[in-house]
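Reviewing the structure listed below.
Just so it is clear, the structure is predicted and the values come from calculations on it, not from any experiment.
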Amino acid sequence: LLAELERKALAYDAIQGQIEYKDALISTLQDERDEARSIIARQRKEMQALTEAVAAQAADLAALATEKENLKKSLDLLRLGQYEYYEIKEGDTVESIAAQPTVYGDAARHVVIRQANRGHVETLDRLAPGEVLIIPRFPASGRYEF
């Protein structure tokens, strides 16, 4: 009977040791889980901040693209050199405008007006009264580069 009790006591001690080991393991795993949750929360905040930064940069990029386009248009106008504006009247065509003595006096020079207004006026074949055309003025050499 004593041997049986000793054997049960040893088995109880072994089981008690396993329980203590598993309790310590559970505590360690809970600590690791809590640390992982903390890391995940911090990374979510960082991802949110990065997402907002990317959105802000995309907005900045769009604004820069618009500014670039506006600057390009300004440069295109500067490349025209000297120019004047002509407000379209009812019945005007690019050819009739070029033929006017105050413009070029030559309908064949309509090409110059077309080139100068490419991208500026929607369609040069159907001019609407009130639209404004750019009329390049040529330098003394008579040559003009687009």
Side-chain angles (χ1 to χ4, degrees), residues 1-98 103-104 107-146:
L1 186 65
L2 187 59
E4 181 66 25
L5 285 174
E6 285 179 353
R7 188 182 62 75
K8 285 184 180 181
L10 288 173
Y12 175 80
D13 286 342
I15 291 172
Q16 186 66 30
Q18 287 177 354
I19 289 173
E20 290 172 2
Y21 170 76
K22 290 186 179 183
D23 283 346
L25 184 60
I26 287 171
S27 177
T28 301
L29 290 173
Q30 286 174 337
D31 290 345
E32 289 176 3
R33 180 202 61 207
D34 292 344
E35 184 179 343
R37 285 180 177 167
S38 173
I39 290 169
I40 288 170
R42 189 172 58 248
Q43 287 178 339
R44 282 188 178 146
K45 287 179 184 177
E46 289 173 4
M47 275 181 35
Q48 180 65 30
L50 288 173
T51 301
E52 290 170 3
V54 166
Q57 287 180 345
D60 290 346
L61 185 61
L64 286 173
T66 300
E67 184 177 346
K68 177 185 173 185
E69 188 61 32
N70 290 338
L71 287 172
K72 184 179 179 293
K73 287 177 182 178
S74 296
L75 282 174
D76 288 344
L77 288 177
L78 288 174
R79 285 188 191 115
L80 290 175
Q82 296 180 354
Y83 58 91
E84 294 177 8
Y85 294 110
Y86 179 87
E87 186 174 344
I88 298 167
K89 296 167 193 68
E90 187 69 37
D92 277 344
T93 65
V94 178
E95 291 80 4
S96 70
I97 295 168
V103 179
Y104 297 134
R109 295 183 84 182
H110 70 91
V111 174
V112 175
I113 297 173
R114 288 181 184 278
Q115 288 175 335
N117 289 279
R118 184 180 40 211
H120 173 69
V121 175
E122 251 184 73
T123 175
L124 291 168
D125 294 327
R126 282 180 267 129
L127 300 175
E131 283 186 302
V132 177
L133 293 179
I134 296 170
I135 308 296
R137 291 298 173 196
F138 292 88
S141 69
R143 296 204 56 194
Y144 198 82
E145 298 292 325
F146 285 99

Shortest non-hydrogen contact from [X] toward [Y]:
X    : Y    : value
V112 : P136 : CG1-CG, 3.9 Å
N117 : V132 : OD1-O, 4.4 Å
E87  : G130 : OE2-CA, 3.7 Å

[Y] side chain reached by [X] side chain, heavy atoms, under 4.5 Å:
X    : Y    : answer
N70  : E67  : no
I135 : Y85  : no
R114 : R118 : no

Evaluate whether atom CZ of R126 has more than 12 neighbouring non-hydrogen atoms of other residues, nucleotides or ligands under 6.0 angstrom away.
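Result for CZ/R126: open.
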
Determine whether more than 12 heavy atoms belonging to other residues, nucleotides or ligands lie under 6.0 Å from atom CD of E4.
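Yes - once you tally the heavy atoms of other residues, nucleotides and ligands closer than 6.0 Å, there are more than 12.
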
Exactly one of E46, K45, E52 should register a side-chain contact (heavy atoms from CB on, under 4.5 Å) with Q48. Which one does?
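Answer to the side-chain contact (heavy atoms from CB on, under 4.5 Å) test with Q48 among E46, K45, E52: E52.
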
How long is the straight-line distance from [atom2] of [Y] back to [atom1] of [X], given to the nearest 0.5 Å?
X    : Y    : atom1 : atom2 : result
Q16  : D23  : CD    : CG    : 8.5 Å
D31  : E35  : CG    : CD    : 8.5 Å
Y12  : I19  : OH    : CD1   : 7.5 Å
I113 : L124 : CD1   : CG    : 9.0 Å
D34  : Q30  : CG    : CD    : 7.0 Å
I97  : D92  : CD1   : CG    : 4.5 Å

